[in-house]
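Here the structure comes first, spelled out in structure tokens, and everything after it is commentary.
All heavy atoms count here, side chains included; hydrogens, waters and symmetry mates do not.
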Amino acid sequence: QVQLVDSGGGLVQAGGSLRLACAASGRLDSVDAMGWFRQAPGKEREFVAIMRWILSGTYYTDSVKDRFTIGRDNNHNTVYLQMNDLKPEDTAVYYCAAAPATSSAWWRSFRYFYSAEYRYWGQGAQVTVST
């Protein structure tokens with residue numbers, strides 16, 4: 001089992017920044033992908049960013065490229081999401097997610113876009129961006 005605890009959400013004006021953190025514990029040797037999804041009111045949960053836990057590699061959805069950065073604090077088994085130049089359309093509940101061991105084909109076929117591929121989830125952190 002893997003446990004994920006999200007933190008760091010809040011209210012910010014457009015153009016501002018926030019940093020989300022996901023503290024991971026448990027059987028982290030069973031995890032190969034960790035990242036973030038978000039869900040706005042009335043919308044489906046969507047992929048934001050992902051990183052490979054064992055090998056290197058990060059991937060982003062187009063709408064956040066050059067504004068968001070996903071990274072890892074190895075000392076504390078924490079994955080963070082640095083969000084800059086926030087826009088009102090970024091308003092959502094952000095969820096940390098982890099997927100079990102994957103294959104090269106999983107990455108090449110963009111399976112990481114799909115929430116059903118992830119077994120473990122954080123409780124969510126609200127991010128609200130005002131105009």
Side-chain angles (χ1 to χ4, degrees):
Q1 287 289 346
V2 173
Q3 294 78 42
L4 305 175
V5 178
D6 303 333
S7 63
L11 172 64
V12 65
Q13 287 189 328
S17 298
L18 281 174
R19 184 180 176 106
L20 302 179
C22 173
S25 61
R27 287 285 313 277
L28 298 184
D29 58 344
S30 65
V31 168
D32 193 28
M34 290 193 66
W36 296 89
F37 281 70
R38 66 186 179 186
Q39 188 166 18
K43 295 188 176 181
E44 293 187 356
R45 193 169 295 190
E46 66 171 355
F47 169 80
V48 177
I50 192 77
M51 67 181 304
R52 300 191 70 162
W53 194 246
I54 300 173
L55 301 177
S56 63
T58 57
Y59 306 87
Y60 300 88
T61 193
D62 286 345
S63 64
V64 308
K65 283 180 181 176
D66 300 324
R67 298 189 299 123
F68 291 11
T69 302
I70 188 171
R72 174 179 178 176
D73 177 353
N74 288 329
N75 291 334
H76 298 94
N77 286 329
T78 299
V79 175
Y80 63 83
L81 184 69
Q82 178 65 42
M83 304 182 292
N84 298 329
D85 189 24
L86 282 160
K87 303 176 180 181
E89 52 264 41
D90 294 318
T91 295
V93 178
Y94 284 70
Y95 296 91
C96 180
T102 61
S103 64
S104 297
W106 190 86
W107 294 96
R108 287 197 305 270
S109 60
F110 305 103
R111 299 289 292 273
Y112 52 82
F113 270 103
Y114 303 102
S115 59
E117 296 288 331
Y118 295 80
R119 183 176 298 173
Y120 308 107
W121 292 88
Q123 81 283 7
Q126 177 68 50
V127 171
T128 303
V129 184
S130 63
T131 55

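The distance from atom SG of Cys22 to atom OH of Tyr94, rounded to the nearest 0.5 Å, is 15.0 Å. With rounding to the nearest 0.5 angstrom, the NZ atom of Lys65 is 10.0 Å from the OG1 atom of Thr58. Atom CZ of Phe113 and atom CD1 of Ile50 lie 10.5 Å apart (nearest 0.5 Å).
For Phe37, the ring-ring contact (aromatic ring centres under 6.0 Å, His included) partners at least two apart in sequence or on another chain are Phe47, Tyr118, Trp121. Residues passing the salt bridge (charged side-chain N to carboxylate O under 4.0 Å, His left out) test with Arg19: none are found, sequence neighbours excluded.
Hydrophobic clustering of Ile, Leu, Val, Met, Phe, Trp and Tyr side chains at less than 4.5 Å, counting indirect connections, unites Phe68 with Met34. Tyr95 and Val31 fall into different hydrophobic clusters, where Ile, Leu, Val, Met, Phe, Trp and Tyr residues are linked whenever their side-chain heavy atoms come under 4.5 Å apart, directly or through other members. The cluster map of Ile, Leu, Val, Met, Phe, Trp and Tyr, joined by side-chain heavy atoms under 4.5 Å apart, puts Leu86 and Trp36 in the same cluster. Criterion: ILVMFWY side-chain heavy atoms under 4.5 Å apart, direct or through other members. Under it, Met51 and Leu20 are part of a common hydrophobic cluster. The cluster map of Ile, Leu, Val, Met, Phe, Trp and Tyr, joined by side-chain heavy atoms under 4.5 Å apart, puts Val129 and Val93 in different clusters.
The shortest non-hydrogen separation linking Leu18 to Gly10 is CD1-O, 3.8 Å. Between Trp107 and Ser103, the closest heavy-atom pair is CD1-O, 3.1 Å. Nearest heavy atoms, Thr78 versus Ala23: OG1-CA, 4.2 Å. A pairwise comparison of heavy atoms in Ser30 and Val2 identifies OG-CG2, 3.9 Å as the closest pair. The shortest heavy-atom contact between Leu28 and Ala24 is CD2-CB, 3.8 Å. Nearest heavy atoms, Pro100 versus Asp32: O-CB, 3.8 Å.
Under the 4.5 Å side-chain criterion, counting only non-hydrogen atoms from C-beta, Ile70 is in contact with Val79. Taking the side chain as every heavy atom from C-beta outward, Gln1 and Tyr120 approach each other to under 4.5 Å. Residues Leu81 and Met83 meet the side-chain proximity criterion, which asks for heavy atoms closer than 4.5 Å. No side-chain heavy atom of Gln126 sits less than 4.5 Å from a side-chain heavy atom of Leu11.
In this structure, the side chain of Gln123 engages the main chain of Asp6 through a donor-acceptor pair within 3.5 Å.
Screening residues 46-57 for side-chain hydrogen bond (donor to acceptor under 3.5 Å, both in side chains) gives Arg38-Glu46 as the qualifying pairs, with residues at least two apart or on separate chains.
Crowding of Asp29 atom CG: a count of heavy atoms from other residues, nucleotides or ligands under 6.0 Å exceeding 12. For Arg67, the CZ atom counts as densely surrounded, since its 6.0 Å shell holds more than 12 non-hydrogen atoms of other residues, nucleotides or ligands.
Between Asp90 and Lys87 there is no salt bridge, since no side-chain nitrogen of the basic residue lies less than 4.0 Å from a carboxylate oxygen of the acidic one.
Aromatic ring centres of Tyr112 and Tyr59: separated by under 6.0 Å.
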